[in-house]
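What you see is a predicted model; the values in this text were computed from it and never measured.
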Amino acid sequence: MERRVTPFFQRPDRETEITQLRPRLRKGLATPASTDAEFGINEDARRLVRSPVFIFSAFRSGSTLLRCILDTHSCVHSPPEMHLDGMNVRISGRSAKDAVPAMGMIRQDLDNLLWDALLYRSLVRSGKKILVEKTPDNVRMWRRISTHWPEARYIFLLRNPLNILDSMRNWRGRPSRLGRIGARLCGYHWMKEQYLHHWLLPLLTDLAEARASLPGITIRYEQLTTDPHGTMQAVCKHLDIPWEPQMLNYGRVPHGAFGLRLGDTSERIRSGRILADRSQEPLKEIAKFRRISAILGYPSQRC
């Protein structure tokens, strides 16, 4: 019969010794770690993509259209929504949890390294020079983004909040693809009070705060669809890249996947042309959006 050997750290005499030793180990790990500067690590070495561009906008505001136009430029790569906030490093095991602070890091630092590597990989594969990330949820963590990428550049894409609600109300998805919750959110259900109060209004508030706190260019969906030439010229100037008129004809080149949770999937975006904003029936005035609409530059005509 095979003899079973008990590992030394599971023996009763060793368990007591390790229990007594662990607080002293943790006390040593609590010593402040050396900074990157002490090791001669400069800003260039701390991040792979030093100056990414982030489009901050709400949903249903034309960010997929802007992404496709920018991605057509010979210097700009703008992939489908990357959803960085959902990509996090998991530290498993006590040894790894002890090693991270010993390296002078916390879990959020590891997340930042992962995000930076993902942006770098996407940019290198494209063969271009500038990366533009457009996931609307990024605006919820604008402080973290601006801290990790201090040289990042920003494009604030605005749209009348009531037009956003119009777009939500008229948006339709296939329940078989969206699932039960997604199907409930289609059409009229977007207009229900709980979604307005707990979802869209906080997002617009974050957008207004980011716009007031960070340097960047502000463009409006209404301008993008009525004067794409002038609007995109201003964006190119902000990004310090030459103006390329052919970028407005974004349908002539592929732009990665179009799918649910990757951006707009409508026939309008797939047309490859910049189409005029569809006129909608005026919505009833919504008092909760009156103040945020004014802050974003949409005075109380419909709000």
Side-chain angles (χ1 to χ4, degrees), residues 51-84 119 122-123 126 128-139 142 145 152-161 163-164 167-168 171 203-204 206-207 210-211 214-259 261-278 296-298:
S51 184
V53 179
F54 291 93
I55 298 174
F56 283 163
S57 71
F59 295 92
R60 312 303 300 171
S61 296
S63 60
T64 302
L65 174 62
L66 180 57
R67 172 186 88 80
C68 291
I69 296 173
L70 286 171
D71 191 55
T72 308
H73 196 285
S74 59
C75 298
V76 179
H77 172 55
S78 188
E81 295 177 9
M82 300 184 74
H83 294 281
L84 296 176
L119 294 185
S122 182
L123 184 60
S126 72
K128 297 185 179 181
K129 299 178 181 179
I130 298 174
L131 185 134
V132 177
E133 218 293 277
K134 56 110 353 187
T135 308
D137 273 331
N138 285 341
V139 75
W142 65 267
I145 287 175
R153 291 172 287 180
Y154 305 97
I155 300 172
F156 301 102
L157 176 60
L158 308 182
R159 189 181 187 185
N160 189 317
N163 287 342
I164 294 176
S167 181
M168 290 178 174
W171 181 71
L203 189 69
L204 293 174
D206 287 333
L207 178 58
R211 182 171 171 241
L214 300 173
I217 185 174
T218 296
I219 64 174
R220 301 178 185 275
Y221 179 70
E222 296 83 358
Q223 296 172 340
L224 181 60
T225 55
T226 56
D227 181 22
H229 190 281
T231 303
M232 293 311 301
Q233 272 191 318
V235 172
C236 288
K237 183 178 180 180
H238 173 66
L239 299 180
D240 196 23
I241 56 177
W243 162 242
E244 295 180 0
Q246 62 271 24
M247 66 191 295
L248 298 180
N249 184 21
Y250 68 86
R252 62 189 180 88
V253 296
H255 299 289
F258 289 93
R261 290 179 287 273
L262 298 178
D264 190 8
T265 62
S266 67
E267 292 300 320
R268 290 172 61 83
I269 196 67
R270 294 175 185 271
S271 70
R273 296 179 294 113
I274 301 174
L275 303 176
D277 191 10
R278 290 177 294 188
L296 295 176
Y298 295 95

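Between the side chains of Glu222 and Asn160, not a single donor N or O lies within less than 3.5 Å of an accepting N or O.
Ser63 places no side-chain N or O within 3.5 Å of a backbone atom of Phe59 that could act as its donor or acceptor partner. With Lys128 contributing its side chain and Ser78 its backbone, the two residues share no donor-acceptor pair below 3.5 Å. For Thr135 (side chain) and His83 (main-chain N/O), a donor-acceptor pair under 3.5 Å exists by modelled atom type. Under the 3.5 Å distance criterion, the side-chain polar atoms of Arg220 are left unmatched by any main-chain donor or acceptor of Arg159.
Take Thr218 and apply the side-chain contact (heavy atoms from CB on, under 4.5 Å) test, not counting sequence neighbours, and it matches Phe156, Leu158, Arg211. The salt bridge (Lys or Arg N to Asp or Glu O under 4.0 Å) search around Asp137 returns Arg140, not counting sequence neighbours. Listed by chain and residue number, Val49, Phe54, Leu119, Trp149, Ala152 satisfy the side-chain contact (heavy atoms from CB on, under 4.5 Å) test with Pro52 (two or more places apart in sequence, or in another chain).
Side-chain rings of His73 and Trp243 stay apart, their centers remaining 6.0 Å or farther from each other.
Contact check for Glu133 versus Ile55: no side-chain heavy atoms found under the 4.5 Å cut-off. Lys237 has its side chain out of reach of Ile217: every pair of non-hydrogen atoms, C-beta onward, lies at least 4.5 Å apart. In this structure the side chain of Leu70 reaches within 4.5 angstrom of the side chain of Ile155, judged on heavy atoms. For the pair Asp71 and Val132, the minimum side-chain heavy-atom distance is 4.5 Å or more.
Closest non-hydrogen pair, Thr72 versus Cys68, comes out as OG1-O, 2.7 Å. A pairwise comparison of heavy atoms in Pro79 and Arg67 identifies O-CD, 3.0 Å as the closest pair. Leu239 and Ile130 make their closest contact through O-CD1, 4.1 Å (heavy atoms, listed as atom of the first residue, atom of the second, distance). Closest non-hydrogen pair, Ser57 versus Leu157, comes out as CB-O, 3.3 Å. Between Cys75 and Ile241 the shortest heavy-atom distance is CB-CG2, 4.3 Å. For the residue pair His238 and Gly216, the shortest heavy atom distance occurs at CE1-CA, 3.8 Å.
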Exercise. Does the pair Ile145 and Leu84 meet the rule for a side chain to side chain contact (heavy atoms under 4.5 Å, CB included), with working shown?
Worked result: CA-CA 10 Å; Ile145 287 175; Leu84 296 176; over 6 Å; no
For this session: Could you go through the side chain to side chain contact (heavy atoms under 4.5 Å, CB included) check for Leu214 and Trp142 one step at a time?
Result: CA-CA 9 Å; Leu214 300 173; Trp142 65 267; 3.8 Å; yes
For this session: Give the intermediate values and the outcome of side chain to side chain contact (heavy atoms under 4.5 Å, CB included) for residues Leu204 and Ile164.
Result: CA-CA 11 Å; Leu204 293 174; Ile164 294 176; 4.3 Å; yes
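Electrostatic pairing of Lys134 and Glu81 counts as a salt bridge here, judged by a charged N lying under 4.0 Å from a carboxylate O.
Between the CD atom of Gln223 and the CE atom of Met232 there is a distance of 12.5 Å, given to the nearest 0.5 Å. With rounding to the nearest 0.5 angstrom, the CZ atom of Phe56 is 6.0 Å from the CG atom of Asn138.
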